[in-house]
**Q** 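Here it is, the structure in full.
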Amino acid sequence: MKFSSSYEPDQFEADIYAAWEAAGVFKPSVPTVPVDNDSDGIDDRFENNFRHYSIVMPPPNANGNLHIGHGLTVALEDSLTRYYRLKGASTWYVPGADHAGFETWVVYERELEKSGHTRFEYSRDELYTRVWDFVEMQRGNMELQLRALGASCSWGDLTFTLDENVVDRVYTTFEKMWNDGLIYRGEKLVNFCPKHQTAFADIEVEHKDEKGTLWDIAYDDVIVSTTRPETLFGDAAVAVNPEDSRYKDLIGKTVHLPLTDREIPVIADEHADPEYGTGAVKITPAHDFDDFEVGNRHDLPRLQVISEDGHMINVPEKYEGMTTEECRKQVLKDLKEQDLLKGEKKIVHSVAHCYKCGTVLEPMLKEQWFIDVEKLAKVAIEHLENNEIKFYPENKQKVLINYLGNLKDWNISRQIPWGIAIPMFRKVTKEATDEPDWIFDRRVNLQSIEKSGVTYVRDEDTFDTWFSSSHWPIVCTDWSEENPTPYYPLNVMETGADILFAWVARMIMMGLYVTGEVPFREVYLHGLVLDEHGQKMSKSKGNVINPMELVAKYGSDAFRLGILRGRSAGMNQAFSENSVVSGRNLCNKLWNISRLVQSIVDEDEDVSGEYQTNNQGEDWICREINNCLKEVEKDMKTYRFSEAVETLYSTIWDEYADWFLESQKIFRNVPLLKITLEHLLIALHPFAPFVTEAIWQNLSWTDGFIITKEWPSKLVYDPITAEQFENIRTIVSEVRTTLQALGGSNNSKKYGLLFDNDSIVEDNLLLIKSYTKVPEINYLNGAPRGLRLALANHELYLDVPENVVNDYRDTLTEKILSVGRELDALNLRMSNPNYVEKAPEYLVKETRDQIKEKEALIDRLKTQLELI
RNA sequence: GGGCUUUUAGCUCAGUUGGCUAGAGCGCAGCAUUCACAUUGCUGAGGUCACAGGUUCAAGCCCUGUAAAGCCCACCA
């Protein structure tokens with residue numbers, strides 16, 4: 001006997017994981033590149049879908065630790081992987097690590113600052129090397145944590161987002177897009193973080209409502225309203241609404257720009273809202289997104305008055321070099337002195353912030369690389385509307401289509417050194433007028449290149465990480481034009497619902513652009529893991545749960561079972577340690593179940609051979625296990641993880657342990673015990689990989705690894721006999737309930753049972769005795785006495801003395817009343833002719849049968865009451 | 001301003017094409033104790049399914065509206 005009395009996860013987990021890895025069981029069993037594919041008459045596509053199962057991990061930050069969301073991701077993805085592996089598919093779960101461009105850069109820059117240095121002391125290339133080393137030092141942590149969570153991923157295929165093949169693929173796509181005219185260099189307003197000195201894509205910007213002030217400033221006869229007086233030096237016009245009668249006469253004239261000697265035109269534009277402020281608005285094309293558009297419509301000059309580091313430039317000397325904040329104060333003061341400040345109002349408006357440091361973002365005129373997304377989005381929408389990708393939850397499909405329909409061009413330039421260098425070189429030889437201003441070249445290790453006597457220097461920017469990660473399904477599966485792997489498209493993309501737009505949308509666009517196919521067949525989006533009160537976890541609130549601590553405390557399986565509990569696609573749901581405790585309990589229960597089965601097997605060592613069923617309980621458990629397997633299969637197909645776990649939980653605990661195993665203490669059926677336990681272990685394995693493998697390795701008769709076994713086939717049993725077991729369960733339950741209802745303590749020790757002619761009871765005396773724990777069951781000699789079990793309707797009596805029976809009168813009366821109420825409801829339904837006519841026949845028949853049953857039950861209960 | 005989601009037991013959630021007496025885990029109350037497991041077993045209490053209408057023989061589920069909570073998108077100077 002190798003089983004200790006409780007399951008101790010830390011005694012097994014590390015060894016088991018190491019053994020799996022050593023045995024190579026995580027690798028796909030069918031090669032990932034196509035082998036010579038002889039025609040065997042089977043449709044390749046069908047065969048591919050049938051035999052391969054591929055899933056890639058959303059790459060965790062190589063530099064960080066896993067958080068609770070990663071814990072959920074791994075629990076979901078690994079359960080799928082293990083399930084399909086058991087189902088016989090060649091599964092390929094590709095792990096990844098993210099260089100996390102901006103995130104990591106922020107961390108690194110903080111380290112630099114701590115050591116008293118700044119980014120300006122180093123060249124871009126030096127910084128890149130330094131960050132690389134910094135990340136390299138940390139990288140192992142994340143991988144160890146994935147192992148502790150039990151991720152059965154193919155480690156040899158781990159993809160880092162800066163791997164050579166990733167960079168190659170990204171450059172190939174970029175070159176193709178450049179040649180296709182989908183990439184352009186544009187001077188546009190971009191959201192710029194003055195602290196981090198980089199631009200962002202629209203999607204990375206965090207808008208927050210903030211209190212601000214709306215000032216009214218007199219520009220001659222026109223009073224404009226603005227929240228940013230300091231930008232007035234960049235004004236190119238004043239706009240009024242063409243329908244606004246107040247200003248009609250002014251359109252086309254000029255007004256004097258305060259604090260300067262400039263005159264600017266008054267223009268008519270829809271942008272000006274007559275209802276807002278004074279109805280006249282100053283137009284600053286270089287520092288406001290709306291104004292930029294207005295400027296384009298009216299061909300206005302873009303005057304930049306704020307530098308990238310947030311200081312005033314190109315302004316009257318007095319203001320030159322001030323920060324925007326200082327300048328605002330000074331401008332307001334000067335305006336007031338000249339009596340040009342006509343009013344102020346407190347307002348709440350939405351302000352763009354850096355999602356990392358919270359700094360207010362400055363709209364900044366910059367030359368950047370943009371992707372013209374219109375065509376890409378259009379193709380993506382077509383495929384989505386064609387239902388080529390199935391979404392869980394379903395509604396995200398529409399949400400995504402809607403998003404893609406309104407997408408603006410995508411800024412892919414970032415001014416940070418940590419990332420994939422943009423492979424573009426700018427012409428610096430001025431005389432070469434015939435040559436293009438920019439050329440594509442992969443030699444980004446060079447700062448400058450020569451081409452037919454012309455010198456070009458490399459753009460120092462790097463790619464937005466979403467640009468490279470939009471290739472994730474392609475690069476992880478090593479797809480290529482020459483060798484399109486059967487593992488692409490992925491069977492499923494599992495990731496967070498919060499990055500539907502940032503990542504999923506872009507993977508779809510890029511997958512279609514590069515391969516012509518959608519990158520995955522299904523998408524499962526998980527929601528946020530909230531704390532137990534439904535609050536978002538955050539460091540500042542101090543409610544962050546570290547998954548690795550829970551793994552250490554309760555075991556990896558317990559964590560996985562716990563985090564899957566009560567969770568459904570796309571929903572932000574609460575999580576508490578309780579659910580992990582319940583998972584831990586299940587593991588221990590299964591361990592002890594196995595311990596008991598093993599002990600029976602040990603005692604009856606010589607029994608072997610095929611299983612067969614010999615009594616009601618045995619047929620019944622076969623039926624229940626079959627149902628459970630069917631349910632789990634259905635749940636896995638529809639990504640209902642929580643339900644799958646719940647089904648297994650109750651089958652293992654409430655049915656196998658509480659009913660079947662108890663019966664097996666009397667009837668021992670070793671072959672059946674073995675096969676049923678194996679079935680349950682295999683079925684639970686996707687969710688609780690370690691404890692099931694630990695048990696598998698400890699059982700005397702099993703061999704190999706459970707991880708590579710076959711998903712159980714259905715058990716053979718007799719359905720009629722199985723159903724008879726329900727009788728026994730009803731009898732036992734009624735005995736228990738009645739004993740409890742009698743009040744007092746130790747009832748099950750005090751009273752025995754009496755039975756009369758009743759084959760079910762007679763055949764199962766020992767079993768009933770064992771379940772109910774009554775001291776004895778005797779044949780009833782003479783007239784019935786005690787309490788007859790009226791619900792179960794069997795010739796079985798609780799042998800209790802008359803005074804105790806009397807105490808039971810109230811319970812009985814109450815029972816008669818409640819059954820009577822149910823009967824009334826049924827009769828009412830039948831008295832409705834529409835019901836009898838329109839409801840399906842089987843329902844009407846069912847109602848009739850139930851009425852009969854209830855009537856009979858009331859009769860029995862009444863008879864009994866009279867007897868008392 | 002547009003869109004999405006949620007509202008079911010004390011808490012966290014199921015309830016898949018409408019079908020009768022709405023489920024689970026945790027928590028709570030009572031009973032049990034040399035039994036594989038106290039990380040246990042047995043029993044029980046607890047719900048006008050947010051609200052108001054409507055469709056239907058039948059509504060937690062479908063439709064309309066209201067309220068509350070949360071999220072996303074958008075240029076409000």
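Naming: A, B, ... by sequence-line order, numbering from 1 per chain.
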**Q** I'd like to know if E230(A) pairs up with R228(A) as an ion pair, taking the criterion as any Lys NZ or Arg NE/NH1/NH2 lying under 4.0 Å from an Asp or Glu carboxylate oxygen.
**A**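 Answer for the salt bridge query: yes.
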**Q** When all nucleic acid strands are considered with a 4.0 Å heavy-atom cut-off, which category describes E643(A): base, sugar-phosphate, or nothing?
**A**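 The residue E643(A) makes sugar-phosphate contact but no base contact.
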**Q** Which nucleotide sits closest to the side chain of N395(A): rA77(B), rC4(B), rA14(B)?
**A**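 Given the options rA77(B), rC4(B), rA14(B), the side chain of N395(A) is closest to rC4(B).
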**Q** Under 4.0 angstrom, heavy atoms only, what part of the nucleic acid is R640(A) near: base, sugar-phosphate, or nothing?
**A**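 The residue R640(A) makes base contact.
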**Q** Specify the separation, in whole Å, of atom CD of Q535(A) and atom P of rA69(B).
**A**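 About 13 Å, once rounded to whole Å.
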**Q** Starting from C1' on rC71(B), measure out to CG on N402(A) and report it in whole angstrom.
**A**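 It is 15 Å, rounded to the nearest whole Å.
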**Q** Establish, yes or no, whether the cationic atom of R328(A) lies under 6.0 Å from the six-membered ring centre of W215(A) and within 45° of the ring axis.
**A**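 No, R328(A) does not sit over the ring of W215(A).
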**Q** Within 45 degrees of the ring normal and closer than 6.0 Å to the centroid, is that where the cationic atom of R560(A) sits relative to F690(A)?
**A**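 Pair R560(A)/F690(A) does not count as cation-pi.
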**Q** For Q598(A) and rA36(B), give me the distance from atom CD to atom P, rounded to whole Å.
**A**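 The distance from CD of Q598(A) to P of rA36(B) comes to 14 Å, rounded to the nearest Å.
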**Q** Kindly indicate whether the side chain of K665(A) and the base of rA36(B) share any N or O donor-acceptor pair separated by less than 3.5 Å?
**A**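 When only heavy-atom distances are counted, K665(A) does reach the base of rA36(B) through a donor-acceptor pair under 3.5 Å.
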**Q** Using a 4.0 Å heavy-atom cut-off across all strands, classify K345(A) as base, sugar-phosphate, or nothing.
**A**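 Answer is nothing: K345(A) stays at 4.0 Å or more from every strand.
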**Q** Decide side-chain contact (heavy atoms from CB on, under 4.5 Å) for Y554(A) and E577(A); before the verdict, give the C-alpha distance in whole Å, the side-chain angles of both, and the deciding distance to 0.1 Å.
**A** CA-CA 10 Å; Y554(A) 298 106; E577(A) 203 166 314; 2.6 Å; yes
**Q** Specify the separation, in whole Å, of atom CZ of F660(A) and atom C1' of rA36(B).
**A**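 Rounded to the whole Å, the gap is 14 Å.
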**Q** Over all strands shown, is Y276(A) touching base, sugar-phosphate only, or nothing at heavy-atom distances under 4.0 angstrom?
**A**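 It contacts base atoms.
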**Q** Which of these nucleotides, rU39(B), rA77(B), rC35(B), is closest to any side-chain atom of K773(A)?
**A**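 Taking heavy atoms from C-beta onward, the closest nucleotide is rC35(B).
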**Q** Run the salt-bridge test on D269(A) and R297(A) with the 4.0 Å N-O cut-off and return the result as yes or no.
**A**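 Salt bridge present between D269(A) and R297(A).
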**Q** Take N1-N3 plus N6-O4 or O6-N4 for Watson-Crick, N1-O2 plus O6-N3 for G-U, both under 3.5 Å. Which runs of 3 or more such pairs involve RNA chain B?
**A**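 Ordered by first number, the stems with RNA chain B (at least 3 consecutive pairs each) read B:1-7 with B:67-73, B:10-13 with B:23-26, B:28-32 with B:40-44, B:50-54 with B:62-66.
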**Q** Considering residues at least two apart in sequence or located in another chain, which fulfil the side chain to side chain contact (heavy atoms under 4.5 Å, CB included) criterion with K342(A)?
**A**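 So K342(A) forms a side chain to side chain contact (heavy atoms under 4.5 Å, CB included) with D216(A), A218(A), I223(A), D339(A).
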**Q** Measure from the side-chain heavy atoms of T737(A) and tell me the nearest of rA77(B), rG15(B), rG44(B).
**A**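 Per side-chain heavy atoms of T737(A), the pick is rG44(B).
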**Q** Please tell me which of the listed nucleotides, rG25(B), rC76(B), rG30(B), lies nearest to the side chain of R565(A)?
**A**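 Per side-chain heavy atoms of R565(A), the pick is rG25(B).
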**Q** Which whole-number value in Å describes the distance from N406(A) CG to rC72(B) C1'?
**A**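 Going from CG in N406(A) over to C1' in rC72(B) covers 13 Å.
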**Q** Between E643(A) and R567(A), is there a side-chain N and carboxylate O pair less than 4.0 Å apart?
**A**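 Answer for the salt bridge query: no.
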**Q** Would you indicate what S568(A) reaches in the nucleic acid, counting non-hydrogen atoms under 4.0 angstrom: base, sugar-phosphate, or nothing?
**A**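 Since only primed, P, OP1 and OP2 atoms lie under 4.0 Å of S568(A), the category is sugar-phosphate.
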**Q** Looking at the side chain of E646(A), which of rC57(B), rU40(B), rA24(B) is the nearest nucleotide?
**A**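 So the nucleotide nearest the side chain must be rA24(B).
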**Q** Within this structure, what is the CD-to-C1' distance between E394(A) and rU17(B), rounded to whole angstrom?
**A**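 Distance check: E394(A) CD to rU17(B) C1' gives 12 Å.
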**Q** Once you round it to whole Å, what is the distance between C1' of rC76(B) and CG of D290(A)?
**A**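 Distance check: D290(A) CG to rC76(B) C1' gives 7 Å.
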**Q** Once you apply a heavy-atom cut-off of 4.0 Å, does R584(A) come out as touching a base, just sugar-phosphate, or nothing?
**A**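 The residue R584(A) makes base contact.
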**Q** Counting only side-chain heavy atoms from C-beta out, which of rC26(B), rA77(B), rU16(B) sits nearest to N578(A)?
**A**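 For the N578(A) side chain, the nearest candidate turns out to be rC26(B).
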**Q** NA contact type, P840(A), heavy-atom cut-off 4.0 Å: base, sugar-phosphate, or nothing?
**A**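 Touches a base.
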**Q** Could you tell me whether Q573(A) contacts a base, only the sugar-phosphate backbone, or nothing, with contacts defined as non-hydrogen atoms closer than 4.0 Å?
**A**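 Sugar-phosphate contact only.
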**Q** Can you identify which nucleotide, out of rC72(B), rC75(B), rA77(B), has its nearest atom closest to the H349(A) side chain?
**A**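 Closest nucleotide to the H349(A) side chain: rA77(B).
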**Q** Measure from the side chain of K589(A), starting at C-beta and using heavy atoms only, and say which of rA36(B), rA77(B), rU43(B) lies closest.
**A**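 Side chain of K589(A) sits closest to rA36(B).
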**Q** Which is true for G583(A) with a 4.0 Å heavy-atom rule: it touches a base, it touches only sugar-phosphate, or it touches nothing?
**A**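 It contacts nothing in the nucleic acid.
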**Q** Using whole Å, report how far CE of M571(A) lies from P of rU16(B).
**A**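 Taking atom P of rU16(B) as the reference, CE of M571(A) is at 14 Å.
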**Q** For A497(A), which contact category applies under a 4.0 Å heavy-atom criterion: base, sugar-phosphate, or nothing?
**A**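 The residue A497(A) makes no contact with any strand.
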**Q** What's the closest nucleotide to the side chain of W653(A) if the choices are rA14(B), rU40(B), rA36(B)?
**A**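 Shortest atom-to-atom distance from the side chain points to rU40(B).
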**Q** Start with the C-alpha gap between K208(A) and S350(A), add the side-chain angles, then the distance that decides, and say whether side chain to side chain donor-acceptor pair (under 3.5 Å) holds.
**A** CA-CA 5 Å; K208(A) 275 189 240 169; S350(A) 158; over 6 Å; no
**Q** Can we say E814(A) and R821(A) salt-bridge, meaning some charged N sits less than 4.0 Å from an Asp/Glu carboxylate O?
**A**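 R821(A) and E814(A): salt-bridged.
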**Q** Let's see if you can work this out: which of rC26(B), rC37(B), rC57(B) has an atom nearest to the side-chain heavy atoms of E662(A)?
**A**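 In terms of side-chain proximity for E662(A), the closest of rC26(B), rC37(B), rC57(B) is rC37(B).
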